[in-house]
Amino acid sequence: MAEEKSLNFIEEIIEKDIKDGKHTTIATRFPPEPNGYLHLGHAKSIALNFGLALKYGGKTNLRFDDTNPVTEETEYVESIKGDVKWLGFSWAQELYASDYFDQLFSYAVRLINKGLAYVDDSTSEEIANQKGTPTQAGSNSTFRNRSIEENLQLFMDMRAGKYKDGEKVLRAKIDMAHINMLMRDPILYRIKHAHHHRTGDAWCIYPMYDFAHGQSDSIENITHSICTLEFVSHRELYDWFIEKLEIYPSRQYEFARLNMTYTMMSKRKLLQLVNDKHVNGWDDPRMPTLSGVRRRGYTPEAILDFCDRIGVAKRDNLIDIGLLEFCVRDHLNKIANRRMVVFDPLKVVITNYDERLTEQLPSENNPEAAENGIRTMPFGRELWIEQEDFMEVPPKKYFRLAPGQMVRLKSAYIIKCEEVIKDINGKVLELRCTYIPESKSGSDTSGIQVKGVIHWVHAQSALPVEVRLYDRLFTTEDMGSIEDDFTNHLNPTSLEVKTVYAEPALAHAKVEECFQFLRMGYFCMDPDSNTKKLVFNRTVTLRDMWAKAGK
RNA sequence: UGACCUAUGGUGUAACGGUAACACAGCAGAUUUUGAUUCUGCUUUUCCAGGUUCGAAUCCUGGUAGGUCAACCA
């Protein structure tokens, strides 16, 4: 019963192209600039580009847009490749815009020969002034009418390193009065005596984005070049180069980038968070980077499901981060094994339980996945329960522990609170309880029905572990609308670290393994863990209707 | 004060001239040895004004609102 899923606007274009015979197969590309780590916005683009190729039997190239040597590094290339693979995609070819530097150079020469490009000695301020404004036409550069021969010679000299950075640029000769600012003689090449992460010192001139991207698409025979909305006005230039150069006509289509509540997705600002140590690196679990959410415990399946649910369209959007959390809970609920961990311990002494005795009680690893089997938990006279699970004066409908009340210890026995031990300040130190021997989980003959079920750990065998409790990084819902410094909106309590008490089975956890700590949330073992100390990151809390009700 | 893009519940997305639907969120209930999960039900929607049409979210015109564009960034 495959439910017919409606097509997004790009799929409609592709299906029409195939139906019309324009293409028999498609080729897309994912074109990151290696100047930062990939984030959830990129995941949307990756899912789209690779997903389309998979759906229509085409291919997707991974192409690094590395035309600016001063910001780009090999470290970023490696992280990007790792992230794409982690999401589960395989690229047809690993390519670099820098692979095409020779080709791009000859394209520039072709344009010069056609009288469509010229070398300009103007300073960057002069060029900016010549641009005009959106409502005001620009003016021609005084160098605009150099001869083809002179332009050719000058361009060769630029390449040969005769000039310093900023001394000259190569510009397209289009129309300084064009209504589209990008068509006002855009810069094609600039001089940068900088070391490139791949081409080393072979070049001292580098093409601009507009002169590299479309041509790279064309060289690779990309049929559908998909990018975000801010490139809409670049399309006219993209098409101009294809037309004047008479090369394979790739076509550009634009979709709305992902925006998410309480999140900021700008590589520049994420870099600042890292550099200014507001977070502990690109893979800090609070970061919206793929390496961050991975370390946080998000699964590729959850992220891809999220990308699928948010859809692809052309209007600006602000997705509720709650949807991402829904997706990860939905997946983790199915795959994560359960463990009991007490965060704020309150001692419980079972007065009628033999202190020399310890039982090993079985408990299912995951009620949603019986095949995951069971593990056993030690049970004895002294236990830890959650402070939250006891109230001396409970409100109505509180069905946890209170004086004289009964509660079920998950996978163990029903206990009754007989006595509350307090210090001189009235602080509750310990609970004296009795257990009902016939109420043993799995063989309960007591006939007692209790509404409350709580988690617990055996005091003597409890394993102290560190948990890192994350909250949203920013306190403002729409970070795109702020006008002051974004660091003013950082959440000061986005990380809380504490030591908690876990059942012994957690000792066998592996790095990146996800668990549901019963009633506390989903957690994932952090790579900081070692044999002396285990560390778990809280991926997301559980949905909690009781907390929501305000107790 | 120009050009371009966009406008559907709280948030997203669909409906392709035939009488607005799906998901998340919210609310209510059932089940539950996780106040989780699961299940059931409910609330809430076509930016405005004209026009075309038997019929408009959809087509046309004009407004309005939001976004984008003046880096030797991508």
Side-chain angles (χ1 to χ4, degrees), chain A residues 3 5-8 12 31-33 35 65-68 70-72 97 120 122-124 127-138 165-171 178-182 184 187-192 205-206 208-210 212-213 227 229-236 254 256 261 267-268 308-320 322-327 329-330 333-334 338 340 363-364 367-368 397-400 407-412 414 439 441-442 444 450-455 480 516-521 541-549:
Chain A
E3 186 113 335
K5 203 176 176 255
S6 56
L7 303 177
N8 65 48
E12 284 181 353
E33 182 189 9
N35 67 345
D65 233 328
D66 56 351
T67 57
N68 185 1
V70 304
T71 55
E72 295 153 4
D120 194 339
S122 304
T123 64
S124 73
I127 290 176
N129 290 332
Q130 290 160 18
K131 281 263 172 177
T133 71
T135 55
Q136 218 178 301
D165 287 11
E167 238 178 282
K168 285 183 167 48
V169 291
L170 181 74
R171 298 177 73 180
H178 200 108
I179 203 75
N180 182 346
M181 299 283 294
L182 288 162
R184 321 241 264 225
I187 293 171
L188 270 29
Y189 269 90
R190 76 287 214 193
I191 299 168
K192 274 180 194 278
I205 59 171
Y206 292 93
M208 297 287 288
Y209 165 83
D210 285 303
H213 199 104
C227 60
L229 248 27
E230 62 270 33
F231 292 97
V232 168
S233 54
H234 291 250
R235 191 175 60 232
E236 196 170 9
E254 312 87 13
T261 56
K267 270 202 273 184
R268 207 196 92 241
D308 197 47
R309 287 169 187 266
I310 60 177
V312 176
K314 295 187 75 160
R315 62 174 148 162
D316 293 315
N317 57 77
L318 183 61
I319 309 285
D320 188 344
L323 181 63
L324 212 214
E325 294 174 345
F326 166 83
C327 292
R329 285 190 189 107
D330 193 48
N333 176 48
K334 296 180 184 114
R338 273 57 168 171
M340 293 199 215
S363 188
E364 75 273 17
E368 309 289 323
K397 304 249 270 213
Y398 181 84
F399 38 83
R400 301 178 192 176
V407 79
R408 154 83 58 190
L409 296 176
K410 168 75 180 171
S411 296
I414 292 172
S439 68
S441 195
D444 185 351
V450 292
K451 198 92 196 267
V453 179
I454 65 173
H455 62 280
Q516 182 195 110
F517 290 174
L518 228 65
R519 304 204 303 142
M520 302 308 285
T541 58
L542 255 33
R543 207 158 153 257
D544 188 351
M545 298 302 278
W546 173 249
K548 199 166 289 176

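Note on naming: letters A, B, ... go to the chains in the order of the sequence lines (proteins, then strands), and numbering restarts at 1 for each one. The structure presented is a predicted model; accordingly, all values stated were derived computationally and were not measured.
For the P atoms, the distance linking B:rU52 with B:rA14 amounts to 31 Å, nearest Å. A gap of 35 Å separates the C1' atoms of B:rG10 and B:rG2, to the nearest Å. Remark: the separation of the P atoms in B:rU32 and B:rA25 is 23 Å, to the nearest Å. Taking atom P in both B:rC42 and B:rC22, one finds a spacing of 11 Å when rounded to whole Å. Only the C1' atoms considered, B:rC24 is 31 Å distant from B:rG17, to the nearest whole Å. Separation of the C1' atoms belonging to B:rG26 and B:rG18 is 33 Å when rounded to the nearest angstrom. Taking atom C1' on both B:rU46 and B:rA56, the two are 11 Å apart, rounded to the nearest angstrom. Rounded to whole Å, the C1' atom of B:rA28 lies 22 Å from the corresponding atom of B:rU34.
Remark: A:H455 engages no residue in a ring-ring contact (aromatic ring centres under 6.0 Å, His included) (not counting sequence neighbours). Partners of A:R338 according to the salt bridge (charged side-chain N to carboxylate O under 4.0 Å, His left out) rule, which considers only residues two or more places apart in sequence or in another chain, do not exist here. Among residues two or more places apart in sequence or in another chain, the side chain to side chain contact (heavy atoms under 4.5 Å, CB included) test is passed with A:A97 by A:D65, A:D66, A:T67, A:S216. Residues forming a side chain to side chain contact (heavy atoms under 4.5 Å, CB included) with A:R309 (at least two apart in sequence, or on another chain): A:D305, A:L323, A:F326, A:C327, A:D330. When the side chain to side chain contact (heavy atoms under 4.5 Å, CB included) test is applied to A:V453, the partners found at least two apart in sequence or on another chain are A:R408, A:K410. Legend: residues meeting side chain to side chain contact (heavy atoms under 4.5 Å, CB included) with A:T261, ordered by chain and number and at least two apart, are A:L318, A:D320, A:I321, A:E477. Scored by the side-chain hydrogen bond (donor to acceptor under 3.5 Å, both in side chains) test, A:Q136 finds no partners at all (sequence neighbours excluded). Partners of A:E33 under the side-chain hydrogen bond (donor to acceptor under 3.5 Å, both in side chains) rule, at least two apart in sequence or in another chain, are A:N35, A:T71. Under the ring-ring contact (aromatic ring centres under 6.0 Å, His included) criterion, A:F231 pairs with A:Y209, A:H234, not counting sequence neighbours.
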key: Sugar-phosphate or base contact per nucleotide [nucleotides 23-38 of chain B; S, B, -; heavy atom under 4.0 Å]   = SS-S------BBBBB-
note = Given protein heavy atoms under 4.0 Å, the one-letter contact record of nucleotides 69-74 of chain B, with B base, S sugar-phosphate only and - none, is simply SB-BSB
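Atom CG in A:N317 sits roughly 15 Å away from atom C1' in B:rG10 (whole-Å rounding). Regarding A:L318, its CG atom lies at a distance of 15 Å from the C1' atom of B:rU13, rounded to whole Å. Distance NZ (A:K314) to P (B:rG12): 18 Å, rounded to an integer number of Å. The CG atom of A:L229 sits 10 Å away from the P atom of B:rC5 (whole-angstrom rounding).
Looking at heavy atoms from C-beta onward, A:R171 lies in side-chain contact with A:I127 at the 4.5 angstrom threshold. Residues A:R519 and A:W546 are not in side-chain contact: their nearest non-hydrogen atoms beyond the backbone lie 4.5 Å or more apart. Using a 4.5 Å heavy-atom threshold, the side chains of A:T133 and A:M181 count as separate.
Nearest-nucleotide mapping onto RNA chain B: of A:R235 and A:T135, the residue sitting toward the 5' end is A:T135.
Which of B:rG12, B:rA14, B:rC4 sits closest to the side chain of A:V232 comes down to B:rC4.
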ask   = How does RNA chain B read in dot-bracket, base by base from 5' to 3', with Watson-Crick or G-U pairs under 3.5 Å and | used when the partner is on another strand?
value = .((((((..((((....[..)))).(((((.......)))))....(((((..]....))))))))))).....
